[in-house]
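Beneath this line is the structure, given in C-alpha cells, with notes to follow.
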There are 2 protein chains.
Amino acid sequence: MVDIHALAETRLRADGQRYTRNRRTIVEALDRAGGPLSLPQLLHRHRQLAQSSAYRNLAILEAAGVVHRIVTNDGFARFELAQALTEHHHHHRICSTCGSVEDFTLPAALEDSLEKALRRVATKSDFQVASHQLDLIGVCPGCS
Amino acid sequence: MVDIHALAETRLRADGQRYTRNRRTIVEALDRAGGPLSLPQLLHRHRQLAQSSAYRNLAILEAAGVVHRIVTNDGFARFELAQALTEHHHHHRICSTCGSVEDFTLPAALEDSLEKALRRVATKSDFQVASHQLDLIGVCPGCS
DNA sequence: CTTGTAATGAGAACTACTCTCGTTTAGGTT
DNA sequence: AACCTAAACGAGAGTAGTTCTCATTACAAG
Ligand SMILES: [Mn+2]
Ligand SMILES: [Mn+2]
Ligand SMILES: [Zn+2]
Ligand SMILES: [Zn+2]
C-alpha cells in the first residue's frame with residue numbers, strides 16, 4: 001500500500017510544480033475511479049473543477065509522470081494514474097460502441113514472456129521502448 | 001498473394017459503395033506505404049486528393065472493413081489497410097517524439113498464447129472481443 | 001503583514017476532422 | 001449514343017475536444 005499523494009507530490013516537486021488542492025482532487029478522483037476517466041466524467045464527479053484548469057493540471061500531472069493519458073477513437077481522451085504510482089501493471093478493454101475503458105490484467109507468466117519478446121523486437125530495431133500497451137477492442141456488457 | 005483491389009471492391013459493394021478512382025488511389029497508397037499514414041502524409045503523396053474527400057473516403061473504407069484507423073497521442077490519426085486484406089497480423093511501434101508508427105510482428109507461438117489468454121479474459125468479463133492491439137511506445141531511431 | 005511567483009478560470013483561439021451543398025462523374029436504360 | 005439518376009466529389013463552412021490568454025486569486029517565503 002503506497003501513499004499515492006506523497007508520490008504525486010514528490011514527482012511534481014521534481015518538476016518544479018506544486019501539489020495544489022485541484023491537483024490533489026484530480027489524483028483522488030482517478031484513484032477512486034475503477035478505471036480511466038474522460039474529462040466530462042471527471043468534471044461530473046467534481047463540479048468545482050474548472051474545465052481549463054482540469055485540462056492544464058492533467059497535462060502537468062502527465063508531464064510529471066503522475067497521470068497517464070489514453071487516447072481512443074471516440075474523441076475523448078481518458079486519464080488514469082500512472083502505473084508507477086499504483087504499482088499495478090494492467091491493460092484496457094475498450095468498448096467500440098460507448099467508448100468506455102476498463103482495466104484487466106494478464107497472467108503473470110504470459111506478461112513476462114510478452115515483455116521478453118517485446119524487448120527482443122525493440123533491440124533488433126534500435127527502438128528505445130518506454131512502455132507497452134495492450135488493448136482489447138470489442139463490445140462491453142452494457143452495450144451488447 | 002491476394003488481390004487487394006478485388007477484396008476492397010467486394011467489401012465496398014457489400015456496403016453499397018463504389019470502388020472509385022479516389023478510393024483506389026488511397027488503397028494503393030496505403031498498400032505501397034511501409035506503415036500507417038497520416039492524412040497529411042497521404043495528401044503529400046497524392047496531391048490530386050482533396051482533403052475533405054480523402055477523410056470521407058477513409059471513413060467509408062473503414063466502415064467497409066478495408067481500412068483501419070489508428071489513433072495516437074500526436075493528434076493525427078493514422079490509416080493502414082485492414083489486416084484481413086493484407087493477411088498479415090502485426091503490431092505497432094509508436095514514437096512518442098515524432099508520432100511515427102511502424103509495424104512489427106510477434107513470434108507466432110507467443111501470439112498464439114497471447115490470443116488464448118485474451119479470449120479467457122474476455123469470457124470471464126462478458127466482453128465481446130473484436131480484436132486486440134499491442135503497441136510499443138518509445139523513441140524511434142530517427143529521434144534518439 | 002508584505003511581496004513575488006505560481007495557479008486559477010472564464011472565455012477566446014486552435015485545429016484535426018466532419019458536414020454542406022452545388023457541381024461533376026459514372027453506371028444503367030432506352 | 002444520348003439520357004437519366006443517384007452517387008461521388010471538393011471547396012469551404014462548421015464542429016468540438018483541447019489548448020491558450022490574461023486578469024485575478026492563492027500560496028509560500030521572509
Ligand atoms: Mn503488459
Ligand atoms: Mn497480436
Ligand atoms: Zn460499451
Ligand atoms: Zn520518432
note: A:Phe79, atom CZ; D:dT18, atom P; distance rounded to Å ~ 6 Å
Taken to the nearest whole Å, CD/B:Gln51 to P/D:dA11 is 10 Å
Exercise for the section: Indicate yes or no: at least one non-hydrogen side-chain atom of B:Phe79 is less than 4.5 angstrom from one of B:Ile70. Expected result: no
Quick test: give all pairs of protein nitrogen or oxygen and nucleotides 6-8 of chain D nitrogen or oxygen below 3.5 Å, distance rounded to 0.1 Å.
unit_1 : atom_1 : unit_2  : atom_2 : d
D:dA7  : O4'    : B:Arg18 : NH2    : 3.4
D:dA8  : OP1    : B:Gln17 : OE1    : 3.1
D:dA8  : OP1    : B:Arg18 : N      : 3.1
D:dA8  : OP1    : B:Arg23 : NH1    : 3.0
D:dA8  : OP2    : B:Gln17 : OE1    : 3.3

In terms of the angle between their ring planes, are A:His89 and A:His132 parallel, tilted or perpendicular, with boundaries placed at 30° and 60°? perpendicular
Q. Taking A:Asp135 for the side chain and A:Ile137 for the main chain, is one N or O donor matched with an acceptor at less than 3.5 Å?
A. no
Testing C:dA26, D:dT18, C:dC17 for proximity to the side chain of B:Phe76, the answer is C:dC17
Worksheet item: Quick check, are the ring centers of B:His92 and B:His90 under 6.0 angstrom apart?
Response: yes
B:Leu39 CG to C:dT15 C1', in whole Å, measures 13 Å
- prompt: Can you find a side chain N or O atom of A:Tyr55 that sits less than 4.0 Å from OP1 or OP2 on D:dT18?
  reply: yes
* To do: Give a yes or no on whether the backbone of B:Val121 and the side-chain of B:Ser125 come within a donor-acceptor separation of less than 3.5 Å.
  => yes
- Message: Test your reading of the model: is there a side-chain donor-acceptor pair from B:Gln133 to the backbone of A:Leu134, 3.5 Å cut-off?
- Response: no
With the side chain defined as heavy atoms from C-beta on, A:Ala50 is closest, among C:dC17, C:dG9, D:dG17, to C:dG9
note: A:Leu58, atom CG; C:dT8, atom P; distance rounded to Å ~ 11 Å
Between B:Ala59 and B:Arg13, whichever has its closest DNA chain C nucleotide further toward 5' is B:Ala59
Picking from D:dG10, C:dT18, D:dG17, the nucleotide nearest the side-chain atoms of B:Ser52 would be D:dG10
Handout entry: B:Ser53 side chain near D:dG10 phosphate (N/O to OP1/OP2, under 4.0 Å)
Key = yes
